[in-house]
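This report refers to the structure that appears directly beneath it.
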2 protein chains.
Amino acid sequence: MSNREGAAFVPQIPYGTRDFLPREAWRKRKVENTLAATFANWGYEEVVTPTYEYLAVFGEGGLDAVDQVFKFFDRSNRTLVLRPDMTTPIARLSGTRFREETAPLKFFYLANVFRYEDAQAGRQCEFYQAGVELLGESSPVADAEVIALAVEALRAAGLQSFQISIGQADFLRSLIGEIGLDEQQAEELRHLLVSKDMVGLVNLLESALLSRDLKDRVKHVLLTNGKAELLKEAKALAGSEASRKAIENLETIYSLLKAHGVDEFVSFDLGLVRDFDYYTGMVFEGYTPGLGFPVCGGGRYDKLLEAFGRSQPATGFALGVDRLLMALEKQDKTLVKPPAPTIVAWEDGAQEKAIRLAASLRAAGKAVLVQTAPSAKPAAGMAEDGEYIFVEK
Amino acid sequence: MSNREGAAFVPQIPYGTRDFLPREAWRKRKVENTLAATFANWGYEEVVTPTYEYLAVFGEGGLDAVDQVFKFFDRSNRTLVLRPDMTTPIARLSGTRFREETAPLKFFYLANVFRYEDAQAGRQCEFYQAGVELLGESSPVADAEVIALAVEALRAAGLQSFQISIGQADFLRSLIGEIGLDEQQAEELRHLLVSKDMVGLVNLLESALLSRDLKDRVKHVLLTNGKAELLKEAKALAGSEASRKAIENLETIYSLLKAHGVDEFVSFDLGLVRDFDYYTGMVFEGYTPGLGFPVCGGGRYDKLLEAFGRSQPATGFALGVDRLLMALEKQDKTLVKPPAPTIVAWEDGAQEKAIRLAASLRAAGKAVLVQTAPSAKPAAGMAEDGEYIFVEK
């Protein structure tokens with residue numbers, strides 16, 4: 001099964017994937033372990049699920065973009081899917097292995113996920129996520145905790161400049177109903193918000209049959225980033241119990257975020273729409289300068305677990321590990337790299353002596369690389385940035 | 001795309017895959033980090049490659065069992081394969097990103113790999129490997145290093161009882177030629193060795209046209225585990241330069257393993273055959289009591305890199321993380337589990353106070369789980385195995 005034609009076989013890697021070379025892999029492991037330790041420090045427990053699931057699992061999970069998943073078949077011709085997210089597999093897990101558990105579950109994961117995308121820096125077909133899911137609790141205490149934990153995780157990883165925008169899926173849904181947009185306009189509004197097309201959005205609202213005053217207030221509430229004052233204006237605009245409650249939910253979350261000491265990192269963006277359909281309440285995204293994509297995002301999804309036989313509210317977030325690494329690299333121009341081991345070189349015949357020396361140095365806590373071939377005795381100053389030891393016979 | 005029929009959707013996980021629940025995931029992360037630290041301590045650097053590769057890559061790698069790989073297609077209809085091992089992707093990496101590098105490369109990885117198998121405990125379709133590859137060095141110093149590192153990795157992970165068997169692919173190939181088996185008998189011998197069918201092997205040798213004395217010596221050399229004495233007997237049996245050199249190679253490796261201080265963990269098994277075709281010299285496997293499969297295995301593969309434009313010798317090994325976890329579990333009957341966090345519970349109205357307390361405890365280095373719903377004030381002695389703090393208004 002060789003496909004070589006002549007001697008010119010140059011192996012490629014698949015579209016939208018990447019290799020992590022040593023320095024990159026070292027940074028990845030370091031950041032992932034920091035994130036894992038942070039999640040564990042908040043009482044979250046790690047779970048690991050298979051890389052692929054039966055397609056039906058994601059059918060239940062309400063994945064819209066079926067053509068965005070990698071599909072293949074098992075030997076019984078059942079369709080398998082490389083997981084496009086971890087929220088759905090964890091919902092599946094909670095509905096099977098934790099079906100009888102009544103207490104809230106706090107899980108975290110570090111996992112690769114897969115989506116057909118037009119690949120670019122920060123958007124790959126295989127990418128790495130770190131995230132948490134808090135299952136079985138509907139209170140704003142849970143929502144505030146996952147937002148605060150996202151802030152804490154980004155800080156622990158060393159990210160210096162970032163901002164979390166918080167929206168409310170219920171509020172937006174209600175508001176769209178209340179301001180009398182027809183179905184087509186409502187759908188268009190949602191699209192414009194997803195693509196953050198502010199000009200299109202203003203044009204749409206201008207063309208809607210709303211009073212001047214209402215137009216201005218809706219525009220302001222959907223297009224402005226703000227804190228307590230914005231929530232107050234949104235509540236004044238709310239025309240139903242549902243939309244008012246949605247804003248009160250954010251007010252409670254905001255006061256809890258103050259208790260968490262992270263309110264300086266958050267603001268509200270009531271036009272925020274997430275790319276998965278399953279969100280039902282608070283939603284949020286994190287941004288950092290110079291990165292064209294959110295570095296993290298999440299929200300409340302109270303309907304997803306129902307499909308897996310465990311009808312419970314849930315909230316959580318995922319953080320893009322590749323994106324976080326990119327942002328950290330941009331932030332810190334100095335070349336961060338792993339500590340260099342002590343190099344043990346040896347002249348021919350001294351290999352066993354060198355090996356014994358290395359073993360004793362390692363036993364004393366040093367990282368030691370033994371050269372695998374003999375060297376000529378060096379002139380002084382061979383070591384680049386680690387220690388260099390030459391072993392003679 | 002819902003496949004629910006009635007309300008009876010019970011989600012399953014794909015054949016041959018598994019979920020790691022919190023305690024299992026914690027043990028996995030712990031062991032994997034120990035292995036990563038051990039490899040780094042020997043001067044090996046981590047690399048991460050995509051979960052899937054183009055089929056052509058494994059074609060070059062000489063994968064025999066094409067029907068054992070999971071295949072699917074990208075949008076340009078090129079065939080993709082979930083990686084069945086990590087040795088081939090690292091060979092691919094070394095032939096592309098490290099083509100110009102002249103010094104030996106020392107890489108390690110922790111990765112999941114995928115093979116269609118008849119699943120059973122210790123043999124899954126998705127499983128986890130930790131391993132090293134030492135590229136660009138043909139000397140026994142390199143072979144001894146990877147064997148010693150395998151021993152060190154198993155010890156660092158906490159495995160108390162294990163044994164490494166070392167064979168030699170060159171010796172076996174030469175011996176089969178020398179003792180005058182016909183092609184069919186040679187193929188059968190190889191099969192019997194792979195399946196460790198000792199009875200079949202004895203029968204085959206009995207039926208071969210060999211002298212009584214030669215039969216006995218071949219049987220003894222192929223079926224006995226031994227140390228220096230066995231190598232001496234094998235050398236006496238060697239009928240060619242190639243088979244004699246192959247044994248001398250093992251003798252050198254053995255004296256280097258003594259320098260590494262790991263000779264008590266190794267013995268020689270000259271009938272050892274590994275399941276990948278690409279091995280060309282020393283091969284080895286590690287066994288631990290109560291596990292029906294090797295816990296690690298590897299060897300020298302001097303031809304594989306040639307296909308990727310970097311014609312260099314190489315040696316390495318892979319360790320089965322799932323198998324290692326099974327062996328550790330059998331060895332240590334006590335239920336090893338992660339440290340329990342301090343639980344912070346609170347009465348209604350005290351949530352912000354509880355959150356602030358948790359933040360200050362975490363700042364002081366404690367792991368803290370804040371309950372997400374209010375509790376009634378407890379009677380004494382609520383905590384199971386961690387600290388329990390109840391916050392009043």
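Order of the sequence lines fixes the chain letters, A, B, ..., with proteins taken first and strands second; residue numbering starts at 1 for each chain. Heavy-atom basis, side chains included; hydrogens, waters and symmetry copies ignored.
Contact tally against chain A (heavy-atom pairs below 4.5 Å) for Tyr54(B), Trp42(B), Phe72(B), Tyr15(B): the top residue is Trp42(B).
Here Tyr52(A) and Phe70(B) bring their ring centres to under 6.0 angstrom of each other.
If you measure heavy-atom distances from Ala142(A) to chain B, the contacts under 4.5 Å come from both the backbone and the side chain. With a 4.5 angstrom heavy-atom cutoff, Glu352(A) touches chain B via backbone and side-chain atoms both. Gln124(A) does not touch chain B: none of its heavy atoms, backbone or side chain, sits under 4.5 Å away. Looking at Arg75(A), both its backbone and its side chain come within 4.5 Å of chain B, counting heavy atoms on both sides. At a 4.5 Å heavy-atom cutoff, Phe127(A) makes no contact with chain B through either its backbone or its side chain.
Ala25(A) and Glu46(B) make their closest contact through CB-O, 3.3 Å (heavy atoms, listed as atom of the first residue, atom of the second, distance). Among all heavy-atom pairs drawn from Thr372(A) and Pro104(B), the shortest one is OG1-CG, 4.0 Å. Taking each heavy atom of Arg356(A) and Ala259(B) in turn, the nearest pair found is CG-O, 3.3 Å. Of all heavy-atom pairs spanning Asp74(B) and Tyr116(A), the tightest one is CA-OH, 3.4 Å.
For Arg97(A), the side-chain hydrogen bond (donor to acceptor under 3.5 Å, both in side chains) criterion is met by no residue, not counting sequence neighbours.
Judged purely by atom type and a 3.5 angstrom limit, Glu126(B) uses its side chain to pair as donor or acceptor with the backbone of Thr51(A).
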